[in-house]
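Here's the structure, in structure tokens; my notes come after.
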Protein chains: 2
Amino acid sequence: MPEPRFRRRKEDRPQEITDAAMAAFAEKGYAATKVEDVAKRAGVSKGLLYLYFKTKEELFKAVVRSFVVPRIDELSAIIDAHEMSSEAFLRGPFLDFVKTLPGSPISILVRLMIAEGPKHPDLLEWYWDNVVSRGLSALTVLVERGVENGEFRPTVVNELPHLFVMPVVFSVIFKYLFEKRCPDTDKMIETQMDLLIAHMKGDKT
Amino acid sequence: MPEPRFRRRKEDRPQEITDAAMAAFAEKGYAATKVEDVAKRAGVSKGLLYLYFKTKEELFKAVVRSFVVPRIDELSAIIDAHEMSSEAFLRGPFLDFVKTLPGSPISILVRLMIAEGPKHPDLLEWYWDNVVSRGLSALTVLVERGVENGEFRPTVVNELPHLFVMPVVFSVIFKYLFEKRCPDTDKMIETQMDLLIAHMKGDKT
DNA sequence: TTCCTTACTGACTCGTAGGTCAGTAATCAT
DNA sequence: ATGATTACTGACCTACGAGTCAGTAAGGAA
């Protein structure tokens, strides 16, 4: 009795395909990646891929969602669990989380979003609502709580939580383009945090 | 005697074509732009375009170079001309120059470099040598001169001039992706400059 | 064992876009 | 004028990759 030529595994296929697609997109970018190659990587025929994902674009969107959601959940959990002062939280768990990003698959996603985002407005919309907006709000709350505590002064940073994320985005891009000449991203992220906290506390640094 | 169907204008064609290509790339991105459309925009046949640029990739590289070089020259001129303290220069001409970037065609180029850069390593090399490296060096010199003057303390910023450019790159990306929800980029750039100078001077802010 | 459902295959179509080239006409030299 | 040069045209070629579908075989039910 011969090995069957394939197994039917309806449950696992989508995940396997999005994983393969992620790897392919990471290497070549969206446009240069052939659907057939994704299928090959996933150990599946092109036809099957099209059974689970109507178009290449749908596949791309699914990839983004499937990689972002877990990280969001992770961050939410950290935020919900903490009972610290704002400064301690920013310098501790938040900094730790953020420092992992430039080396993680998330950085690939950021690149893909920059390269392909504007061609998929509904995806951008989703990304804004579920990632960016929520992240910025969380930061704002954190800073405001710090002000109420008397830890921080009210400053322009209250309206510009972007300043906390800036170095992450910058690092991702820089590392991607100039891998070899990239400065120590951890140091950059930490320094920026020092600057911001010193500013909010009105300290000399 | 009828109008001639075309004029021979060998000198002007390359510039006209790169301008057209820039506009097209800005709208659709590199991959989605058809060479024929670029030719149409430039008022020229596809065949002629291929006479001046061997491949689509060569065209892309030419576009990048033709748009970056003038801005480099501009910045060099500003730097050479000044006779100010480091702080005055950073807060004055440098800040002014940098604030123009997020709204200029340069921002399109940054996006293109991120999206397409790694597929053209020699272009990236050129970009590093002629833009990034030179810019960072200029900033380092400026900061070091400030330290020698006694304007600034020596700090970690000496080795991380990147912190000055961070908000520009971030603004460009953010504005591109989330146009509508983008915060005031000028304010972000100015705030970052305030943070850095306060830090280097050891002031309270 | 037999039959039915459906997860899966792979050869096919077809539009598209990068690149070519034989020919045409603008310009210049004589 | 006349011919030589070459900037320029546009129809053509070809590769390639997204998406389709008729058929195949795995796995469960009876």
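Every heavy atom of this structure was used, including side-chain atoms; hydrogens, water molecules and symmetry mates were not. Naming convention: chains lettered A, B, ... in sequence-line order (proteins, then strands); numbering from 1 in each chain.
Note: CZ (B/Phe6) to P (C/dG23) measures 16 Å, nearest angstrom. Counting to the nearest Å, the P atom of C/dA17 and the NZ atom of B/Lys40 are 11 Å from each other. Between the P atom of D/dA29 and the CZ atom of A/Arg8 lies a distance of 12 Å, rounded to the nearest Å. Between the CZ atom of A/Phe60 and the C1' atom of D/dA18 there is a distance of 17 Å, given to the nearest Å. Remark: C1' of D/dT14 and OH of B/Tyr50 are 13 Å apart, rounded to the nearest angstrom. Atom pair B/Arg9:CZ and D/dT6:C1' shows a separation of 16 Å (rounding to whole Å applied). Atom pair A/Glu36:CD and C/dT9:P shows a separation of 12 Å (rounding to whole Å applied). Protein atom CG of A/Leu51 is 14 Å distant from nucleotide atom C1' of D/dA22, rounded to whole Å.
In the interface, the side chain of B/Lys46 is paired with the base of C/dG18 through a donor and an acceptor atom under 3.5 Å apart.
A salt bridge is defined here as a Lys NZ or Arg NE, NH1 or NH2 lying under 4.0 Å from an Asp or Glu carboxylate O, and A/Asp122 with A/Lys61 meets this definition. Comment: A/Lys56 does not engage A/Glu36 in a salt bridge, judged by the lack of any side-chain N to carboxylate O separation of less than 4.0 angstrom. Using a 4.0 Å cut-off between charged side-chain N and carboxylate O, B/Lys187 and B/Glu190 make no salt bridge. Looking at A/Asp194 and A/Arg91, a side-chain N of the basic residue comes within less than 4.0 Å of a carboxylate O on the acidic one, giving a salt bridge. Look at B/Arg71 and B/Glu74 and you find a salt bridge, because one of the NZ, NE, NH1 or NH2 atoms lies within 4.0 Å of a carboxylate O, short of that distance.
Taking 4.0 angstrom as the limit, B/Tyr52 places a side-chain polar atom (N or O) nearer than this to OP1 or OP2 of D/dC8. Distances shorter than 4.0 Å separate none of the side-chain N or O atoms of A/Arg7 from OP1 or OP2 on C/dT9.
Going from atom CD of B/Glu144 over to atom OG1 of B/Thr140 covers 6.5 Å, rounded to the nearest 0.5 Å. One distance of note links CG of B/Leu142 with CZ of B/Phe89; it measures 6.0 Å at 0.5 Å rounding.
For DNA chain C, the neighbouring residues in residues 10-34 of chain A, judged by any heavy atom under 4.0 Å, are A/Lys10, A/Arg13.
A residue-by-residue look at B/Arg5 and B/Glu57 shows that B/Glu57 has its nearest nucleotide of DNA chain C further toward the 5' end.
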